[in-house]
Protein chains: 2
Amino acid sequence: MEKEVTIYDIAKRLNYSPATVSRALNDHPAIRSDTKDVITSMARQMGYRSNTFASNLRRQRTNTIGVIVPRLNSNFMSCALAGMEKVANEAGYNLIISQSLESARKEKANAKTMFDSRVDGLLVSVSYDTEDIEHFDDFINKGVPLLFFDRVIEHNQCPSIVIDNVKAGYEATTHLLEQGCTRLMHVTGNLKRNVYADRLKGYRMALQDRDIHYEKQLVLETDLSQEAGVEAARQLMAFPHRPDGLFVTNDLCAVTCMGQLKKAGLSIPADVAVVGFNNDPVSQVVEPNLTTIHYPGREMGEIAVKSLINHLNGLMDMQTTNTIILRSELIIRASSLKKAH
Amino acid sequence: MEKEVTIYDIAKRLNYSPATVSRALNDHPAIRSDTKDVITSMARQMGYRSNTFASNLRRQRTNTIGVIVPRLNSNFMSCALAGMEKVANEAGYNLIISQSLESARKEKANAKTMFDSRVDGLLVSVSYDTEDIEHFDDFINKGVPLLFFDRVIEHNQCPSIVIDNVKAGYEATTHLLEQGCTRLMHVTGNLKRNVYADRLKGYRMALQDRDIHYEKQLVLETDLSQEAGVEAARQLMAFPHRPDGLFVTNDLCAVTCMGQLKKAGLSIPADVAVVGFNNDPVSQVVEPNLTTIHYPGREMGEIAVKSLINHLNGLMDMQTTNTIILRSELIIRASSLKKAH
DNA sequence: CTGTTAGCGCGTTCAT
DNA sequence: ATGAACGCGCTAACAG
């Protein structure tokens, strides 16, 4: 293991002081541009690489952004992460990613690690069973920018980035009603989480606007897994007065559910019209293609990081931009089209 | 911004030396367990958090593993990353993830960043157009463990983790032949990459074992995108003597291709039997369900990190385990079953 | 078992 | 425009 080259080595070699070398390498204005040239080229020649830790230690910054998500292997989340990585990378930041696996306990542990790693900022989409955000208090108290996205928690010091889930739920439901559905089942996730609670709210508003009675038994709170899709199909078919419309807040779950319904001999959309959520690739593969809400995952990731970096650079304070709302979009495909064109 | 608590503050408060505090906090064996207790509880009480940079600077380690992948939003890759994160996290390592977006240029830039961040080890799946691995020489010269997975490049100093792609290709092809197919089209990715070259090799071996003439025109080298699936379907149908079997090395591409074939009135598997690759969720959604090769993504990620950490701990040197081969598995579903049960 | 000492490599005053 | 000197917080020798 050969010895690392430091600014001292460069300084000695060029008869400059380490201070000058440091300044030159950081493009400090008070250094003549020709000496800058000499120094940088010598640095390159000697195979110098700056030591991030020494620098971080000194500057009390890390150029690192932490990300905590429930799980990283869903289509939505991997797109969001891809967007984050791209923007962060271009801005010279590193990303440290960890997953809570839907457990508040693990989320807490991850938060501690992030805190100890002194990330400059933290992006969080909370787990299923997160109750409070005490475990993020350290960040807030220390003034480390904390930003929630997708699954957010209200906090007046933390901006959040979301889509308008109420509107999306409203649109999905209204679309089904416009297609002539009269009885809508709604399969969703943990109602503690804003995303699911809001979509339900939209569902209820759409019903109300058309004077349709809201039946609690038609709403299924699940974990949105594929198994949940199977179970949802079972329940749907068990109703004496069978629902003729189905709104599932996750495409993969919706698609599995559709599979079960078809297997049982029901026809889609004639017997049951279906709308999913996320615009996952599976939605364009299943037959009939699944009507769904396009969720701008990549864009959300990009904006989350951009916004965080702006905070870090002081271009924006935490108060001004408390909530950013991205546009989602209903994408109509065959699975919900009862009326032919 | 309140002042950070350091081990000096704890030491002073407890009348110990900083060294003792440091050792106690790191669970050093040569410290009495009761003084450990006193120190750790005081640390907690004072709101102490260890400073990773100072520690890294001193120990010349980072407890960070770098990962460079072509893109992180595919089902396979996000599962692999999920596995990596889990193992790394449990072992006290952080993950820095970046994507090359299939560009050798970006891969090179990412490698430099990783090097400057002084990652303890690096995991790489190379991009489509990576020609050489000069950009990783720094790591090799410095003795930083470098490990390739999935898309690997032969190098006697770098272990790699793969599945037996030749065998997988052989099995997929043989299965189609056993179903009575006589003319097999093969849609694959960039043949510079081991994964695709090996699968092709398996395809050819299977043909040879049954004395079937290999026709170059039946092999399509594509980017495996969904568009490529559409194009593949077009070409398949354009053959005067139409192929009756299709082996695509990517499920999403295969599924899109199937969609086109069905739209054109062909029946699957009767007219064309299809086998995909990866066992992506879409394979169980498409009709008929897609026969595919299960690729153990999550497991590969876990083993990659485990293996890297073993290297770091000196439990294993780079020579002993040059290649780890994981088991893949043919999963037979309806899309390839010409013979009824 | 515990303390003393000496850097790790850098950025930043304060000088000149 | 450049240099001298200090300290960020921690850990590893070496002593006892």
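By convention in this document, chain letters (A, B, ...) are assigned in the order of the sequence lines, proteins followed by strands, and residues within each chain are numbered from 1.
Axis angle, first five pairs versus last five pairs of the helix from C/dC1-D/dG16 to C/dT16-D/dA1: 30°, rounded to 10°.
A search for side-chain contact (heavy atoms from CB on, under 4.5 Å) contacts involving A/Ala91 returns A/Tyr93, A/Ile309, not counting sequence neighbours. A/Val162 meets the side-chain contact (heavy atoms from CB on, under 4.5 Å) test with A/Val152, A/Asn194, A/Thr323, A/Ile325; sequence neighbours excluded.
Across the protein-nucleic acid pair, B/Arg118 atom CZ and C/dC8 atom C1' stand 11 Å apart, rounded to whole Å. Put simply, CG on B/Asn63 is 14 Å from C1' on D/dT11, counting in whole angstrom units. To the nearest angstrom, P of D/dT11 lies 14 Å from CZ of A/Phe53. Put simply, NE2 on B/His28 is 15 Å from P on D/dC14, counting in whole angstrom units. Distance, A/Tyr16 OH to D/dT2 P: 5 Å, rounded to whole Å. Distance A/Leu25 CG to C/dG9 C1': 12 Å, rounded to the nearest Å. Rounded to an integer number of Å, the gap from B/Ile31 CD1 to D/dA12 C1' is 13 Å. Between the C1' atom of D/dG3 and the CD1 atom of A/Ile10 lies a distance of 17 Å, rounded to the nearest Å.
Screening residues 21-31 of chain B for side chain to side chain donor-acceptor pair (under 3.5 Å) gives B/Asp27-B/Lys36 as the qualifying pairs, with residues at least two apart or on separate chains. Sorted by first and then second residue, the side chain to side chain donor-acceptor pair (under 3.5 Å) pairs with a member in residues 37-49 of chain B read B/Glu4-B/Arg49; sequence neighbours excluded.
At least one side-chain heavy atom of A/Phe149 sits under 4.5 Å from a side-chain heavy atom of A/Val69. Annotation: side chain of A/Ile324 is in contact with side chain of A/Ser307 (closest heavy-atom distance under 4.5 Å). Counting heavy atoms from C-beta on, the side chains of A/Asn190 and A/Glu102 never come closer than 4.5 Å.
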Protein-proximity profile, nucleotides 10-16 of chain C, B/S/- by nucleotide at the 4.0 Å heavy-atom cutoff, equals BBBB---
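At the heavy-atom level, A/Asn15 lies under 4.0 Å from the strands shown only through sugar-phosphate atoms.
Taking a cutoff of 4.0 Å between a charged side-chain nitrogen and a carboxylate oxygen, A/Asp116 and A/Lys112 qualify as a salt bridge.
Under a cut-off of 6.0 angstrom, the local environment of NZ in B/Lys106 is crowded, with over 12 non-hydrogen atoms contributed by other residues, nucleotides or ligands.
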